[in-house]
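Note: hydrogens, waters and symmetry copies are ignored here, and every other heavy atom, side chains too, is used. When a ligand or atom number is given, it counts from 1 through the structure's own listing order. All figures in this text were calculated on a predicted structure; none of them were measured in a lab.
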Amino acid sequence: MPLVDLYGHEEIRALLASSARAGKLPGSILFHGPYGVGKQRLALWLGQLLLCTEEDKPCGHCKGCKYSRNLTHPDLHWYFPRPRLKDADPSLADVADDYQEAIAERLANGGLYAAPPGNDGIFVATVRAIVQQASMSPAMATKKVFIIGDAERMVPQEGAEFAANAFLKLLEEPSAKTTLILTSSEPGGLLPTIRSRAVSIRVPPLTASAMRAFLADPIVSAALEKAGAPKSAAERMALASGAPGHLFGDESRGRSIAAARKLMDAALAKNESARHAAAMAVGGSGARGSFTDTLDAMLVLIAERMRSALHDSDEARALGASRAVDAVARARDLAGGNVNPQLITAQLLHQLATILA
Ligand SMILES: [Zn+2]
């Protein structure tokens with residue numbers, strides 16, 4: 001099965017295509033924006049464009065395009081968080097095997113996938129593989145493209161400084177034959193040394209019409225069926241709210257909703273020590289990824305609260321809920337930066353305790 005079509009993001013596509021035509025595309029790019037809006041799919045599209053051999057790129061029918069769409073192009077390299085390999089010091093061949101399997105799995109669903117579990121990462125063996133592949137000449141095209149999805153999950157490891165530095169050097173001065181595309185929904189979690197070396201491009205949520213076109217795609221329907229997504233188009237539109245990735249992440253979503261419920265209960269308990277305990281239970285900076293998911297889930301719960309308040313014509317409660325949305329959104333912004341999740345939670349719960357009557 002080929003990759004599902006890319007829907008939406010027309011403005012960014014036009015911008016990227018014209019920069020590439022003018023030979024002005026930066027060598028290292030960071031796509032950032034909300035979770036699930038299709039940043040990696042957009043990166044794969046840009047990869048296809050760069051590997052297309054026709055005038056009107058990406059033409060969709062040349063060999064470069066076809067291989068890219070099937071993820072078999074030898075010069076298109078896609079990396080993303082994976083479980084740590086059992087071998088403490090895996091070889092490059094082990095890493096290659098692992099990714100081949102993972103990519104085949106993603107491709108079996110047209111390239112649509114659930115968010116990787118929180119403890120998956122981009123470990124040093126993978127960084128070594130990237131650096132090594134980047135040092136070689138392109139196999140088929142005139143360029144090589146590396147996509148590194150969820151790049152904030154690149155974990156610095158002790159004793160791996162050599163690989164880390166080689167990667168930074170690659171980001172800073174990629175050869176004219178290499179393009180690196182990083183994606184992140186939590187750019188604040190990226191190592192500053194990485195963030196400062198890539199040109200940032202913000203990828204917004206999909207418009208309603210792009211969302212509708214995406215949902216009408218048969219590859220998408222089949223994958224949603226498998227993922228156990230809601231059946232009706234209206235429910236799918238609401239759940240995704242412009243970020244199709246939300247439709248595929250059932251398991252982690254359930255966990256986030258449960259964690260969000262605990263925090264809401266703590267805020268509503270109006271009990272200082274319950275709030276403190278709930279904030280401590282959130283975990284430190286290492287838990288950043290799951291923390292923003294929890295905040296997103298809180299927004300869902302508060303929206304439910306608002307709907308029920310409006311249904312009961314309880315204006316005071318509805319107003320409280322709308323102020324709570326603002327408070328959580330501010331916490332969400334802080335969470336994208338370098339503020340400790342426990343501190344953010346303590347402050348947020350304190351605010352919510354007064355706001356939510
Ligand atoms: Zn082409």
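- Taking the six-membered ring where the residue is Trp, F80 and W78 present perpendicular rings, their angle passing 60° and hence far from 30°.
- At distances below 3.5 Å, at least one donor-acceptor pair connects side-chain atoms of N340 with backbone N or O atoms of Q342.
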Considering only distance and modelled atom types, tabulate donor-acceptor pairs under 3.5 Å from the side chains of residues 322-334, sequence neighbours left out.
residue	atom	partner	partner atom	Å
S322	OG	L319	O	3.1
R332	NE	D296	OD1	2.6
R332	NH2	D296	OD2	3.4

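- In the hydrophobic clustering, where aliphatic and aromatic side chains (Ile, Leu, Val, Met, Phe, Trp, Tyr) are joined below 4.5 Å either directly or transitively, L15 stands alone.
- With sequence neighbours left out, S232 forms a side chain to side chain donor-acceptor pair (under 3.5 Å) with E235.
- Using the six-membered ring where Trp is involved, F248 and F214 have ring planes that are perpendicular, over 60° apart on the 30 and 60° scheme.
- For the Zn ion (ligand 1), the count of nearby protein N, O or S atoms, meaning those under 2.8 Å away, is 4.
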